[in-house]
Amino acid sequence: MAKQKRKVPEVTEKKNKKLKKASAEGPLLGPEAVPSVDGASSKGGAVLRPVPDAELELSPEEQRVLERKLKKERKKEERQRLREAGLAAQHPLARRSGAELALDYLCAWAKKHENWRFQKTRQTWLLLHMYDRDKVPDEHFSTMLAYLEGLQGRARELTVQKAEALMRELEEEDPDPLLPGRVQRIRQVLQLLS
């Protein structure tokens, strides 16, 4: 038999009222400066104040939701204060592109760095883009060929299959002046892996 949904609009309405009331009163758990036991002032230390009896009616889930909302509001107010003070928010460094990360991975492999470790996503990116001179420049392609020598298992088989399929496609199409470099790279990979 199918389960029926419970309809309890009154209960959810009461919970929403509690949340609004509690958020208007202030945070449930707020930091307060408390001197440490040894008498020294605690830097950046915060102690959670006890929850008043009126707020104990909220369920733990309701308290978590409310605390998240209040934390978000505090962060927003902090950013606003920084903006008003004329301090630009510190933006995290821009993310590096997949191409840069993959080429760094390849160079680290070539130099046999101690901290080099296999990364499937970097290898996959390199295998997908190794025929493109814009993405894998000529100075990195010789390193790429050396990396391909150690390629094993299914990755090696798929790389050979893809190279053969690309070679067939390029032979069937009209010769393009931009393709000789690509054809040369495909031939080099096939010679190396076959």
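Note: hydrogens, waters and symmetry copies are ignored here, and every other heavy atom, side chains too, is used. The first residue of the sequence shown is numbered 1, and numbering continues consecutively from there.
The heavy-atom pair separating E149 from R156 by the smallest distance is O-NH1, 3.3 Å. In terms of heavy-atom proximity, A163 sits nearest to I186 at O-CG2, 3.4 Å. H140 and C107 get closest at one heavy-atom pair: CE1-SG, 3.3 Å. Here the closest non-hydrogen pair linking L103 and P137 is CD1-CD, 4.1 Å.
Distance check, rounded to the nearest 0.5 Å: NZ of K162 to CG of L127 gives 8.0 Å. Expressed to the nearest 0.5 Å, how far CG of L190 lies from CZ of R185 amounts to 14.5 Å. Distance OG1/T124 to CD/Q119: 11.0 Å, rounded to 0.5 Å. We find the NZ-OG1 distance between K111 and T143 to be 9.5 Å, quoted to the nearest 0.5 Å. In this structure, the separation between OG1 on T159 and CD on E164 is 11.0 Å, given to the nearest 0.5 Å. Atom-to-atom distance recorded for L145:CG and L192:CG is 6.0 Å, nearest 0.5 angstrom.
Hydrophobic clustering (ILVMFWY, side-chain heavy atoms < 4.5 Å, transitive): F118 and M130 are in one cluster. In terms of hydrophobic clustering, with Ile, Leu, Val, Met, Phe, Trp and Tyr side chains grouped at heavy-atom distances under 4.5 Å, V136 and L101 are assigned to different clusters.
A salt bridge does not link E171 with R168: every distance from a Lys NZ or Arg NE/NH1/NH2 to an Asp or Glu carboxylate oxygen is 4.0 Å or more.
A donor-acceptor contact closer than 3.5 angstrom links the side chains of Q123 and Y147.
Put simply, the side chain of L66 does not reach to within 4.5 Å of the side chain of E62, judged on heavy atoms.
Heavy atoms from other residues, nucleotides or ligands lying under 6.0 Å from CD of E114 number 12 at most. E139 CD: more than 12 foreign heavy atoms inside a 6.0 Å radius.
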Evaluate salt bridge (charged side-chain N to carboxylate O under 4.0 Å, His left out) for R64 paired with E67, printing each intermediate quantity in order. CA-CA 5 Å; R64 281 192 296 272; E67 288 169 2; over 6 Å; no
Worked check of side chain to side chain contact (heavy atoms under 4.5 Å, CB included) between L166 and R182: CA-CA 10 Å; L166 285 171; R182 185 177 177 119; 3.9 Å; yes
Derivation of the side chain to side chain contact (heavy atoms under 4.5 Å, CB included) call for F141 and V189: CA-CA 10 Å; F141 191 69; V189 169; 4.1 Å; yes
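Ring centroid separation for the pair Y105 and W125 does not come in under the 6.0 Å cut-off.
R68 places no side-chain N or O within donor-acceptor distance of the main-chain N or O of Q63, the cut-off being under 3.5 Å.
Cation-pi check for K112 over W116 is not met; the charged atom does not lie both under 6.0 angstrom from the ring centroid and within 45 degrees of its normal.
Screening E77, E84, E78 against Q80 for a side-chain hydrogen bond (donor to acceptor under 3.5 Å, both in side chains) leaves a single residue, E84.
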